[in-house]
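The figures here come from the full heavy-atom set of this structure, side chains too, leaving out hydrogens, waters and symmetry mates. Labels below follow one simple rule: chain letters A, B, ... track the order of the sequence lines, proteins then strands, and each chain is numbered from 1. Note that the coordinates shown come from a computational prediction; the quantities given were computed from them, not determined experimentally.
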There are 2 protein chains.
Amino acid sequence: MTDLRPAPDAPATGLRERKKRRTRDALLRAALLLFVSQGYDRTTVDEITDAVEVSQRTFFRYFANKEEVAFAVQDLVESHFVAALRARPASEGPVEAMRGAVLAAWDTVEEAISEVVPVDLYMRGYQLIESTPALLAVHLRRSTELEEEIARLIADREGLDLDADPRPRVAVAAFCGVMRVTGRLWGQGEDTSVEAIRRMTEAYLDQIRPALAAHWHRPPAAPGPAPAASATGV
Amino acid sequence: MTDLRPAPDAPATGLRERKKRRTRDALLRAALLLFVSQGYDRTTVDEITDAVEVSQRTFFRYFANKEEVAFAVQDLVESHFVAALRARPASEGPVEAMRGAVLAAWDTVEEAISEVVPVDLYMRGYQLIESTPALLAVHLRRSTELEEEIARLIADREGLDLDADPRPRVAVAAFCGVMRVTGRLWGQGEDTSVEAIRRMTEAYLDQIRPALAAHWHRPPAAPGPAPAASATGV
DNA sequence: TGTGAAGTGTCAGTCGCTGTCACTAGCCTG
DNA sequence: CAGGCTAGTGACAGCGACTGACACTTCACA
């Protein structure tokens with residue numbers, strides 16, 4: 001068969017590959033929809049595979065476990081952030097660069113994932129993770145792995161040896177700790193928009209230096225559950 | 001109802017109560033020993049119950065799930081830390097108080113847990129948690145709950161409204177982020193002693209302010225995988 | 001066009017965990 | 001101290017996540 005289709009730009013190889021991708025995507029979407037509509041725990045793997053009409057065994061050939069499918073999109077978002085961090089100018093300090101990267105990443109999540117899943121489905125998925133104990137636990141463990149990656153990146157930027165200088169890991173840990181609080185509080189709030197979490201991110205990061213001051217004599221810059229962004233401290 | 005038994009000081013009530021406590025402790029110890037000797041995943045609940053000669057059903061009446069038994073001692077250590085934090089003088093700033101509490105808690109873990117389990121078994125258990133993905137995930141989720149408790153405590157100390165002022169949660173998040181890195185690196189090292197983790201804790205906490213400085217122009221105070229304690233920054 | 005391998009379905013089995021029910025043993029009352 | 005109450009337990013059946021083994025279909029490539 002003289003293959004006339006030039007596989008335009010995507011890595012569209014043989015029929016087999018495309019079929020595989022299709023079933024994987026179908027499983028992913030079906031799972032996400034079931035999860036957000038009826039909850040993670042109340043969704044069985046059989047329900048997912050029934051919706052896609054494959055056997056349960058096939059599901060476990062694509063995803064190591066039921067949790068993994070819930071983090072497929074999260075994976076994309078995380079690499080998106082890492083890419084944003086790599087793109088920060090070398091002139092920026094470590095914390096400055098991380099802050100810039102997070103905000104830039106939120107500004108452009110849509111284009112990073114919309115091919116796979118609409119943004120609001122992802123946001124609902126993120127909320128599901130934050131509110132489902134089993135998923136939250138896995139999320140936090142995955143986050144520590146991401147933290148290590150970021151620490152390596154920061155050490156590289158600064159030309160430091162990660163194992164000789166504790167600052168990269170310490171800075172990243174403090175930074176990510178604040179990010180996690182942000183994610184948690186966002187998940188508990190009502191506004192589930194990207195803008196909301198972006199706004200909160202900015203506000204909470206602005207509080208990190210004031211919060212670590214030796215004494216809190218003055219009230220913070222802008223009080224409130226999701227305070228407006230503005231830093232008194234450096 | 002004329003209750004003549006004054007229940008002297010310990011909660012030593014009837015025979016029933018004592019029997020319960022005994023089987024619970026037996027399950028706990030058997031589980032911990034099996035976990036550290038052959039690994040968490042390679043230990044089945046049946047093995048644990050066989051060692052204590054009770055039915056599997058009984059195990060799940062004492063522990064909600066297999067993970068819970070691995071965190072029973074950790075629970076004690078965490079309340080020990082919270083108690084230490086409550087005991088800090090009001091004159092100390094938030095970060096100062098947390099730092100003091102952690103170090104004081106490590107100095108006195110032994111007396112806090114030795115009645116239930118020898119310290120080195122606890123330390124090996126802690127290492128197990130750090131090195132077992134399933135346990136690490138749960139550990140991190142539990143840690144966020146502890147974080148919230150600490151944040152409330154700090155807010156109280158400072159006379160602030162936790163939901164109006166972001167600084168308590170931000171400070172605690174940054175602090176606990178650094179603590180977590182410490183725990184992880186300790187788990188990977190060879191020295192599993194309490195002294196080792198105490199030393200690392202001190203060293204890494206000393207790096208939090210330098211690490212968050214806008215730019216890292218100078219090398220850190222004391223480089224090395226487990227740097228000696230000494231703070232350049234505030 | 002036939003051969004090998006990739007992908008899938010089926011089946012049986014393990015392990016964590018839960019509901020149910022009957023039974024035993026401490027406890028409490030009369 | 002007899003008899004009833006109930007907390008704690010064991011036995012059993014069953015669900016859901018996950019795995020290994022094997023046979024079958026279907027694409028790929030010579």
Euclidean distance, atom CG of residue A/Asp46 to atom P of C/dG9 [Å, nearest integer] | 13 Å
Going through the checks in order, is the side chain to side chain donor-acceptor pair (under 3.5 Å) test met by B/Thr44 and B/Asp46?
-> CA-CA 5 Å; B/Thr44 68; B/Asp46 280 335; 5.2 Å; no
Value in whole Å for how far the P atom of C/dG4 lies from CZ of A/Arg16 = 14 Å
Between D/dG16, C/dT8, C/dC15, which nucleotide has the shortest distance from any of its atoms to the side chain of B/Thr44?
-> C/dC15
Can you check whether A/Thr58 has a side-chain N or O nearer than 4.0 Å to OP1 or OP2 of C/dG9?
-> yes
Inspect the surroundings of CD in B/Glu110 and state if more than 12 heavy atoms from other residues, nucleotides or ligands are less than 6.0 Å away.
-> no
Pairing of B/Glu202 and B/Arg198 as salt bridge, 4.0 angstrom limit = yes
Round to a whole Å and report the spacing from CD of A/Glu47 to C1' of D/dA17.
-> 14 Å
How would you label the contact of B/Asn65 with the nucleic acid (heavy atoms, under 4.0 Å): base, sugar-phosphate, or nothing?
-> sugar-phosphate
Determine the contact category for B/Phe63: base if any of its heavy atoms lies under 4.0 Å from a base atom, sugar-phosphate if only primed atoms, P, OP1 or OP2 are that close, otherwise nothing.
-> nothing
Closest nucleotide of DNA chain C for A/Arg57 versus for B/Val45: which of these residues is on the 5' side?
-> A/Arg57
Considering only side-chain heavy atoms of A/Arg61, which listed nucleotide, C/dG16, D/dA21, D/dA17, is closest?
-> D/dA21
Under 4.0 Å: is that the gap between some side-chain N or O of B/Tyr62 and OP1 or OP2 of D/dT9?
-> yes
How long is the line joining CD of B/Glu53 and P of D/dT9, in whole Å?
-> 14 Å
Look at A/Thr49 and C/dG9 and indicate whether a side-chain polar atom (N or O) is within less than 4.0 Å of OP1 or OP2.
-> no
A/Leu15 atom CG is separated from C/dA5 atom C1', nearest whole Å, by 16 Å
Quick one: does B/Arg18 reach the base of C/dG26 with a side-chain donor-acceptor pair under 3.5 Å?
-> no
So, is A/Lys19 close to the D/dC27 phosphate, meaning a side-chain N or O under 4.0 Å from OP1 or OP2?
-> yes
Rounded distance (Å) that lies between atom P of C/dG9 and atom CZ of A/Phe59 | 14 Å
How long is the line joining CG of B/Leu34 and P of C/dC15, in whole Å?
-> 14 Å
For A/Phe59, the option from A/Val69, A/Val52, A/Val54 that meets side chain to side chain contact (heavy atoms under 4.5 Å, CB included) | A/Val69
What is the distance, rounded to the nearest whole Å, between atom CD of A/Glu17 and atom P of C/dT8?
-> 11 Å
Short side-chain N/O contact from B/Lys20 to OP1 or OP2 of D/dG8, under 4.0 Å = yes
Any ion pair linking A/Arg152 and A/Asp163 (charged N to carboxylate O, less than 4.0 Å)?
-> no
Taking only the side-chain nitrogens and oxygens of B/Lys66, find out if one of them lies under 4.0 Å from OP1 or OP2 of C/dC17.
-> no
